[in-house]
Protein chains: 2
Amino acid sequence: MKEVKSAFNVSCKNCGLQKVCFPTGLRREDVDRLDDIVDRRSPLKKGQHLFEASDKFSALFAIRAGVIKLYSFTDSGEEIVHGFYLPGDVLGIDALGSKQHQYSAVALDTTSVCTLPFEKFTELTESIPNLNQQMLNAISKEVLDGRMHSELLIRRNADQRVAQFVWNMSERYRNRGYASDEFRLSILHRDVAVYLGLTPETVSRILAKFHAENIVTWKKKEVMIHDMQRLMHIAGVHSSCDSCKATA
Amino acid sequence: MKEVKSAFNVSCKNCGLQKVCFPTGLRREDVDRLDDIVDRRSPLKKGQHLFEASDKFSALFAIRAGVIKLYSFTDSGEEIVHGFYLPGDVLGIDALGSKQHQYSAVALDTTSVCTLPFEKFTELTESIPNLNQQMLNAISKEVLDGRMHSELLIRRNADQRVAQFVWNMSERYRNRGYASDEFRLSILHRDVAVYLGLTPETVSRILAKFHAENIVTWKKKEVMIHDMQRLMHIAGVHSSCDSCKATA
DNA sequence: CGAAGGTTTGATGGCGTTCAATAAGAGTGG
DNA sequence: CCACTCTTATTGAACGCCATCAAACCTTCG
């Protein structure tokens with residue numbers, strides 16, 4: 001099952017995201033065995049779906065590069081954006097119970113993904129004890145992310161929501177070893193607005209204000225944070241060690 | 001490890017909630033083995049905590065009777081209510097990753113709980129294959145509940161939120177075999193308000209309106225639903241089979 | 001019984017939505 | 001490469017929902 005390597009087809013062993021996918025670390029031989037079951041397809045183009053709501057669940061996915069938006073629609077047809085998944089994030093957990101995807105996942109940019117067939121993954125779990133805990137970590141992260149999202153939607157005004165979103169993205173890139181004060185973000189303002197429970201107009205106005213006050217500039221998929229302190233202050237991130245918590 | 005039985009100390013085998021705790025069903029001998037590891041303490045009184053944020057995680061909990069509120073505080077000291085747990089619900093999943101509770105759980109009424117020591121539970125998992133899937137179901141439910149909460153907080157006005165909350169509670173009681181149009185609910189309006197991202201005043205006003213329009217009466221912990229159709233309509237639950245979905 | 005906390009009701013104001021119209025990008029085909 | 005179209009972003013004005021503040025009433029519990 002060993003395959004030819006390419007830019008989009010690097011083994012877990014040589015993947016820079018190993019620490020993100022498996023934070024507590026697996027033994028080298030265990031990573032090799034994981035490699036054997038991982039399926040690496042050609043990258044998704046912008047607008048292509050990784051899966052759609054009601055699809056049968058057969059695998060978990062780890063993002064290698066790009067961005068995925070997880071979304072669904074309410075009974076009345078409004079879109080709900082549940083989250084954005086960056087390199088190193090695991091996708092598909094919502095379907096573990098019903099074996100059927102509850103939401104849809106679409107690429108917002110060229111995105112490459114590692115596929116973990118769930119059957120084989122479960123078998124591996126029996127022989128790699130640590131893998132089960134890794135799984136629990138990923139699941140737990142999913143639950144906590146959901147709670148964070150709810151928290152953001154309750155009693156935080158529009159300024160705070162936008163600031164927290166930008167800061168959160170910055171932290172996530174930092175944890176992956178990228179620059180945290182300047183990064184590319186292929187997410188439409190419209191999608192951000194839906195995620196934050198706001199209208200595009202409101203988000204636009206707030207970003208204009210942040211730009212005028214020289215806190216954050218977000219133009220043409222390029223985000224630049226000029227004043228991290230004030231950004232964190234607006235976001236309501238007071239405790240000095242929150243970045244540590246986020247890393248955990 | 002077999003114990004004397006009492007009203008608050010019934011084995012899983014004889015527990016009416018078995019279908020809720022283990023929806024897909026376990027074999028009789030497996031339930032017996034579960035029984036052996038379950039710890040049944042004396043009930044919690046109103047106001048007592050099952051666990052608190054930052055407590056070490058050592059067990060999952062299944063509610064047998066009563067109500068538990070899961071909550072935490074923001075950096076700025078505001079309370080966040082993440083959810084209410086009814087008989088048959090599983091609590092403690094948020095701590096699976098970090099082995100440390102992230103939120104606090106307090107009894108809103110006299111509440112009895114089954115304790116599942118996680119170590120022993122994990123061991124059992126190896127010999128009862130179906131148990132692992134039960135676990136995944138519980139986790140998945142936790143994720144989906146969180147998403148439902150977010151969904152409720154986005155672009156739903158106060159009327160819709162309150163209606164959806166009452167309807168949801170009604171459904172949950174119905175799924176447990178209780179009356180769905182008349183039930184006791186030991187939750188303060190204040191806690192409901194925080195959960196819904198509203199103020200107590202707003203919730204009070206809306207309940208007064210629902211009462212005046214003869215849709216729902218909620219006085220002194222007694223909820224009566226007089227017009228389920230209109231309640232569902234306000235809640236934005238249009239599809240006729242949503243009760244089925246909720247059961248799944 | 002008295003105190004503390006929860007609920008109800010009313011008046012006022014602010015924040016974010018809504019509607020509308022323009023500007024700016026992105027994608028397509030000539 | 002430019003013209004054309006479609007989607008997204010920006011900016012302005014006005015309205016409405018819900019928070020806020022305040023005061024009275026009601027429960028609960030020591």
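Letters A, B, ... mirror the listed sequences (proteins, then strands); counts begin at 1.
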(message) So, using salt bridge (Lys or Arg N to Asp or Glu O under 4.0 Å) as the criterion, who are the partners of Arg172(A) when residues are at least two apart?
(response) Asp89(A)

(message) Using side-chain heavy atoms (C-beta onward) and a distance below 4.5 Å, is Ile80(A) in contact with Val194(A)?
(response) no

(message) Does atom NE2 (His226(B)) have a neighbourhood of more than 12 heavy atoms from anything else shown, all under 6.0 Å?
(response) yes

(request) For Phe51(B), enumerate each residue passing the ring pair (Phe, Tyr, Trp, His ring centres under 6.0 Å) test, keeping only those at least two apart in sequence or located in another chain. (result) Phe61(B), His101(B)

(request) Please work out which residues in residues 197-214 of chain A have a non-hydrogen atom less than 4.0 Å from an atom of DNA chain D and list them by number. (result) Glu201(A), Ser204(A), Arg205(A), Ala208(A)

(request) Output the residues of residues 151-161 of chain B in contact with DNA chain D, where contact means a heavy atom of the residue under 4.0 Å from an atom of the strand; sort by number or write none. (result) Asn157(B), Ala158(B)

(request) May I have all residue pairs that pass side chain to side chain donor-acceptor pair (under 3.5 Å) and include part of residues 50-61 of chain B, sequence neighbours excluded? (result) none

(message) A side-chain contact here means heavy atoms from C-beta on lying under 4.5 Å apart; do Tyr195(A) and Ile187(A) qualify?
(response) no

(request) Provide, to the nearest angstrom, the distance between the CH2 atom belonging to Trp218(A) and the P atom belonging to dT10(D). (result) 10 Å

(request) Let me know which of Val192(B), Val162(B), Leu153(B) forms a side chain to side chain contact (heavy atoms under 4.5 Å, CB included) with Leu198(B). (result) Val162(B)

(request) List for me each residue that meets salt bridge (Lys or Arg N to Asp or Glu O under 4.0 Å) alongside Arg190(A), sequence neighbours excluded, and say none if there are none. (result) Glu79(A)

(request) Rounded to the nearest angstrom, tell me the gap between atom CG in Leu196(B) and atom P in dA19(D). (result) 10 Å

(request) To the nearest 10°, let me know how far the axis at one end of the helix from dC1(C)-dG30(D) to dG30(C)-dC1(D) is tilted from the axis at the other, five pairs an end. (result) 60°

(message) Strictly under 4.0 angstrom, non-hydrogen atoms only: write out the protein contact profile of nucleotides 24-30 of chain D, one letter per nucleotide from the 5' end, B, S or -.
(response) -----S-

(request) Kindly write out the residues that satisfy ring pair (Phe, Tyr, Trp, His ring centres under 6.0 Å) with His189(A), not counting sequence neighbours, or none if the list is empty. (result) Trp218(A)

(request) Give a yes or no on this: more than 12 heavy atoms of other residues, nucleotides or ligands lie within 6.0 Å of atom CZ of Phe73(B). (result) yes

(message) Which residues pass the salt bridge (Lys or Arg N to Asp or Glu O under 4.0 Å) test with Asp181(A), not counting sequence neighbours?
(response) none

(request) Keeping to residues at least two apart or across chains, list the side chain to side chain donor-acceptor pair (under 3.5 Å) pairs with something in residues 146-161 of chain A. (result) Arg147(A)-Tyr85(B), Arg147(A)-Glu142(B), Ser150(A)-Ser150(B), Arg156(A)-Gln164(A), Asp159(A)-Lys209(A)

(message) Tell me which one of Lys46(B), Gln48(B), His49(B) satisfies side chain to side chain contact (heavy atoms under 4.5 Å, CB included) with Val106(B).
(response) His49(B)

(request) Step through it carefully: locate the ring centre of Tyr173(A), locate the ring centre of Phe183(A), and say whether they are under 6.0 Å apart. (result) yes

(message) I'd like to know if Arg174(B) pairs up with Glu171(B) as an ion pair, taking the criterion as any Lys NZ or Arg NE/NH1/NH2 lying under 4.0 Å from an Asp or Glu carboxylate oxygen.
(response) yes

(message) Going 5' to 3' along DNA chain C, which are the first and last nucleotides with any atom under 4.0 Å from a heavy atom of chain B?
(response) dG6(C) to dT18(C)

